[in-house]
Amino acid sequence: SAVISQKPSRDICQRGTSLTIQCQVDSQVTMMFWYRQQPGQSLTLIATANQGSEATYESGFVIDKFPISRPNLTFSTLTVSNMSPEDSSIYLCSVNGLAGGHTYEQYFGPGTRLTVT
Amino acid sequence: QKEVEQDPGPLSVPEGAIVSLNCTYSNSAFQYFMWYRQYSRKGPELLMYTYSSGNKEDGRFTAQVDKSSKYISLFIRDSQPSDSATYLCAIHTGGGNKLTFGTGTQLKVEL
């Protein structure tokens, strides 16, 4: 597995503002992903962060709301823009493509707990 | 119908009990089956994964897949208070990178 860190671990933000979440991995990985985990709901994939190109968004998620960067093979950011209380959730970074691993083996960071007031 | 269904619990058992956690799925294209454990305020941790129908054992944990019934299970033997967590099943089609998760079952193992 890999060591995955996220910053911040939690934050309380006012509606209308934006928050950028960072994800750092201790080794180079092929793919990085961003998920949302809301109480009582499944983990939902927001987008795949592609190194050197635009992120690939899942249905229901758009770049204007969740811009993503991936400048290299160990780092990615997710911005939650123009926040509303409905964006209150845990945001998780995950990776696959570790050396010797399979594409379906995904490993998760500790998450960022966001509360929007 | 959700692609993956999982009873949310909570499930409370005494220490030493055998725990059975289950998921059903609807898409026969799913090929790889994962179980994650998530402690409170932590990210999901990959416990086990399996491909074929049958059983896979790792210590006190056994993952079971029945593709004909589209049913997967995780058994925990000799459960411990440290097993108290939310257990999520996740399924992959084998192509691309997308995992489809269940909602998770909250387990509490009591002394």
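Every chain is numbered from 1 and lettered A, B, ... according to where its sequence line falls, protein lines coming before strand lines. Not measured: the values here are computed from a predicted model. Values reported hereafter were calculated over all heavy atoms of this structure, with side chains retained and with hydrogens, waters and symmetry mates removed.
- Hydrophobic clustering (ILVMFWY, side-chain heavy atoms < 4.5 Å, transitive): Met31(A) and Leu78(A) are in distinct clusters.
- Contact residues of residues 33-49 of chain A toward chain B are Phe33(A), Tyr35(A), Gln37(A), Gly40(A), Gln41(A), Ser42(A), Leu43(A), Leu45(A) (heavy-atom distance under 4.5 Å).
- There is a path of hydrophobic side-chain contacts, each under 4.5 Å, that joins Ile68(A) to Leu114(A).
- In terms of heavy-atom pairs under 4.5 Å with chain A, the best-connected choice from Pro8(B), Gly102(B), Ala90(B), Gly104(B) is Gly102(B).
- Under the 4.5 Å side-chain heavy-atom criterion for Ile, Leu, Val, Met, Phe, Trp and Tyr, Phe75(A) and Ile4(A) are members of distinct hydrophobic clusters.
- Counting heavy-atom neighbours within 6.0 Å of Glu54(A) CD, excluding the residue itself, gives a total of 12 or less.
- Taking CG of Leu88(B) as the reference point, atom CZ of Phe108(A) lies at 8.5 Å (rounded to 0.5 Å).
- Both Leu92(A) and Val29(A) are part of a single hydrophobic cluster, where members link through side-chain heavy atoms under 4.5 Å apart.
- Cluster membership check: Tyr91(A) does not share its hydrophobic cluster with Tyr107(A), using side-chain heavy-atom separations under 4.5 Å among Ile, Leu, Val, Met, Phe, Trp and Tyr.
- Proximity to chain A at a heavy-atom threshold of 4.5 Å picks out Gln38(B), Arg41(B), Lys42(B), Gly43(B), Pro44(B), Leu46(B), Tyr49(B) from residues 38-51 of chain B, in numerical order.
- With rounding to the nearest 0.5 angstrom, the CD atom of Gln106(A) is 5.5 Å from the OH atom of Tyr36(B).
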